[in-house]
Amino acid sequence: MSLTIPSPTVAATPSAEPRTYQVRTFGCQMNVHDSERMAGLLEEAGYVPADGEVADVVVFNTCAVRENADNKLYGNLGQLRQVKEANPGMQIAVGGCLAQKDRETIVKKAPWVDAVFGTHNVGALPALLNRARHNNEAQLEILESLDVFPSTLPTKRDSVYAGWVSISVGCNNTCTFCIVPSLRGKEKDRRPGEILAEIQALVDDGAVEVTLLGQNVNSYGVEFGDRQAFSKLLRACGEIEGLERVRFTSPHPAAFTDDVIDAMAETHNAMPQLHMPLQSGSDKVLKDMRRSYRSSKFLGILDKVRERIPHAAITTDIIVGFPGETEEDFQATLDVVEKSRFASAFTFQYSKRPGTPAANLPEQLPKAVVQERYERLTALQDRIAAEENAKQLGRKVEVLVTAQSGRKAGETHRLSGRSKDQRLVHFSVPTGAETPRPGDFVTVTITEAAAFHLVADPATVEEYFLRRSRAGDAWDRSQADSCGVPAAGSASGKTGVSLGMPSLPVRRA
């Protein structure tokens, strides 16, 4: 569907200066990765990242999973209206899942928007912006099926030391609470050779970590008839020289098989970390959700993972207050959480999403009941996370240093990074020791533990080991490029757009 809608867009005055852009991302890791594509497309079209000033183009990459997703979008659009009126030539574009769902509603509610595009045609963004400027009219283009696989599009990676790699898009499951399949379509798988080539290119550019992405990664291969394709892909990643860390998200418990566990345990760079969505510990609720597994199967998977990978950190997603959930059902969730010993959890209060079967189920629970259960669940998980992190005291861990620091870094002077099991570690550099760069590795001993992070404060240089890496070298080059002074081996002087590095936050959602 493609529509042209009258808009108050004002053509910009011709200028020798390149137009600037900003991408604002909401939602899941898939959206973050899509935003990297949007940034890549814009830079290929001659745009440059905005550096503090008002951007000529602001792109919203939206999410439709949460109940307040549309409120968040329209609130942001409202704030930009006056900014746009004061800056003739400024353009606003809206893409992603909410755009796929709401379509022309966005332009009706916010007629100052210049372009709306969906999840299936990310590549249309520059052309829609150009048409909007040329025609002085808003452009709406929504496709019902995938135009081109997103990984064929240009990409502006946020991080030089870690990257997302999409192995599939879409989902074949029919969970009653989820709107994603209707917005992203049926699962489409990339061929293994294409995936491995993209990973190799990332490694060649300095990356030492990749995260394999899919709505359901362990069903990868269904399109070309290989049920063990995902475990084979993990093992193939182990053959890529220079690739030190491999992660993936998210699998589905119903399709999670022993060959994947074996591949994780036997592949040297597959990290001891697993994100396994539970959603509910009640078999009745799981049935109502159309989650084709039960609590005993879920716990059995965790047992097998921990048998093969004893120090694996397991994280999860949980929904509280699904329609018809009784106190007994909720207690079953608490019981499974207690047994599972999750390192962290994304906990959500159920929100009715129009277009999902669950929205029409009877026995929608009162907000007060859902809130009270949510608070009990998060209190339990916070306690478990603190207890599990306390077990890390005295352990020596290798940390991949990130560009992001903790909010108290100004006071503590600590740097931050991720251990192999994806726990967040804040660490100090002892006097006389060399400071690491983002992308380097440090080995330190954990001295403090909290529910959502670990701390390592080496007392002496001997308790701190720094391993400089190719990724750290790549970081140096990127910093020199961003200052307009290309470093040795650098191809350009372009700057990055901050979208977040591949990680599972330790704090619950």
Side-chain angles (χ1 to χ4, degrees), residues 25-37 61-66 69 95-101 118-122 143-153 163-192 194-195 198 210-224 226-227 229-231 233-234 247-257 260 274-279 286 289-293 298 301 315-319 346 348 353 355-358 502-504 509:
T25 309
F26 305 99
C28 66
Q29 295 95 335
M30 192 69 74
N31 273 23
V32 173
H33 190 38
D34 284 348
S35 290
E36 292 183 330
R37 305 292 179 195
N61 187 11
T62 62
C63 171
V65 173
R66 303 302 300 278
C97 290
L98 194 64
Q100 186 77 25
K101 172 179 166 289
T119 58
H120 298 306
N121 62 323
V122 172
L143 301 185
E144 300 304 326
S145 59
L146 199 63
D147 183 13
V148 295
F149 202 94
S151 294
T152 64
L153 301 173
W164 307 101
V165 176
S166 181
I167 68 173
S168 65
V169 295
C171 182
N172 294 338
N173 294 312
T174 57
C175 302
T176 57
F177 58 81
C178 186
I179 199 170
V180 168
S182 65
L183 300 180
R184 289 193 176 267
K186 292 292 185 181
E187 182 175 323
K188 300 288 289 183
D189 296 330
R190 294 176 73 190
R191 301 301 300 187
E194 295 176 6
I195 297 168
E198 182 178 351
V210 298
T211 301
L212 306 176
L213 275 184
Q215 300 296 151
N216 180 7
V217 290
N218 55 312
S219 69
Y220 171 73
V222 65
E223 195 176 20
F224 49 84
D226 186 350
R227 292 183 177 276
F230 184 60
S231 62
L233 182 64
L234 280 179
R247 307 186 190 278
F248 58 88
T249 193
S250 292
H252 192 293
F256 201 77
T257 49
V260 174
L274 176 66
H275 186 73
M276 181 66 73
L278 169 64
Q279 306 302 4
L286 288 172
M289 288 178 168
R290 259 186 235 156
R291 300 284 288 178
S292 46
Y293 58 89
F298 184 91
I301 292 171
T315 57
T316 197
D317 299 329
I318 304 172
I319 297 173
F346 293 92
F348 303 94
R353 303 306 294 143
T356 63
S503 66
L504 290 171

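Scope of the values below: all heavy atoms of this structure, side chains included, with no hydrogens, waters or symmetry mates. Note that the structure is a prediction, hence the values are computed from the model and not measured.
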Practice item. Mind running side chain to side chain contact (heavy atoms under 4.5 Å, CB included) on D189 and V222 for me, showing each step along the way? Key: CA-CA 8 Å; D189 296 330; V222 65; 3.8 Å; yes
If we ignore hydrogens and angles and just use 3.5 Å, is the side chain of [X] paired with the main-chain N or O of [Y] as donor and acceptor?
X	Y	value
N216	P251	no
T316	M276	yes
N172	E187	yes
R190	S166	yes
T62	G95	yes

Point to revise | Residues that Y220 engages under ring pair (Phe, Tyr, Trp, His ring centres under 6.0 Å), provided they are two or more places apart | key: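 Partners of Y220 by the ring pair (Phe, Tyr, Trp, His ring centres under 6.0 Å) criterion, ordered by chain and then number, come out as F224.
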**Study point:** Any residue meeting ring pair (Phe, Tyr, Trp, His ring centres under 6.0 Å) with Y293, in chain and number order, not counting sequence neighbours
**Key:**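 Counting only residues at least two positions away or on another chain, Y293 forms a ring pair (Phe, Tyr, Trp, His ring centres under 6.0 Å) with H252.
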**Study point:** Residue pair Q215 / S168, side-chain donor-acceptor N/O under 3.5 Å
**Key:**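 No - no donor-acceptor pair under 3.5 Å links their side chains.
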**Study point:** Side-chain donor-acceptor pair present, S35, N61, cut-off under 3.5 Å
**Key:** yes
Testing the basics here: between [X] and [Y], what is the closest heavy-atom pair and its distance to 0.1 Å?
X	Y	answer
Q100	G118	OE1-CA, 3.1 Å
F230	L212	CE1-CD1, 4.1 Å
T176	T356	O-CB, 3.3 Å
L286	L278	CD2-O, 3.7 Å

Which residues share a side chain to side chain donor-acceptor pair (under 3.5 Å) with [X], sequence neighbours left out:
X	result
E223	K188
S292	none
D226	K232

Measure the shortest side-chain to side-chain distance between [X] and [Y] over non-hydrogen atoms and say whether it is less than 4.5 angstrom.
X	Y	value
C175	Q279	no
I195	L233	yes
I318	F346	no
T249	T211	yes
N218	T257	no

Check your understanding: Given the rule in the side chain to side chain contact (heavy atoms under 4.5 Å, CB included) test, do F177 and R291 qualify, once you have shown the distances and angles that lead to the verdict?
Key -> CA-CA 10 Å; F177 58 81; R291 300 284 288 178; 4.1 Å; yes
Practice item. Applying side chain to side chain contact (heavy atoms under 4.5 Å, CB included), run through L213 and V165 and close with a yes or a no. Key: CA-CA 6 Å; L213 275 184; V165 176; over 6 Å; no
**Study point:** Pairing residues for S250 by the side-chain contact (heavy atoms from CB on, under 4.5 Å) criterion, not counting sequence neighbours
**Key:**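 side-chain contact (heavy atoms from CB on, under 4.5 Å) list for S250, sorted by chain: H275, P277.
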Point to revise | side chain to side chain contact (heavy atoms under 4.5 Å, CB included) between F248 and V210, worked out | key: CA-CA 8 Å; F248 58 88; V210 298; over 6 Å; no
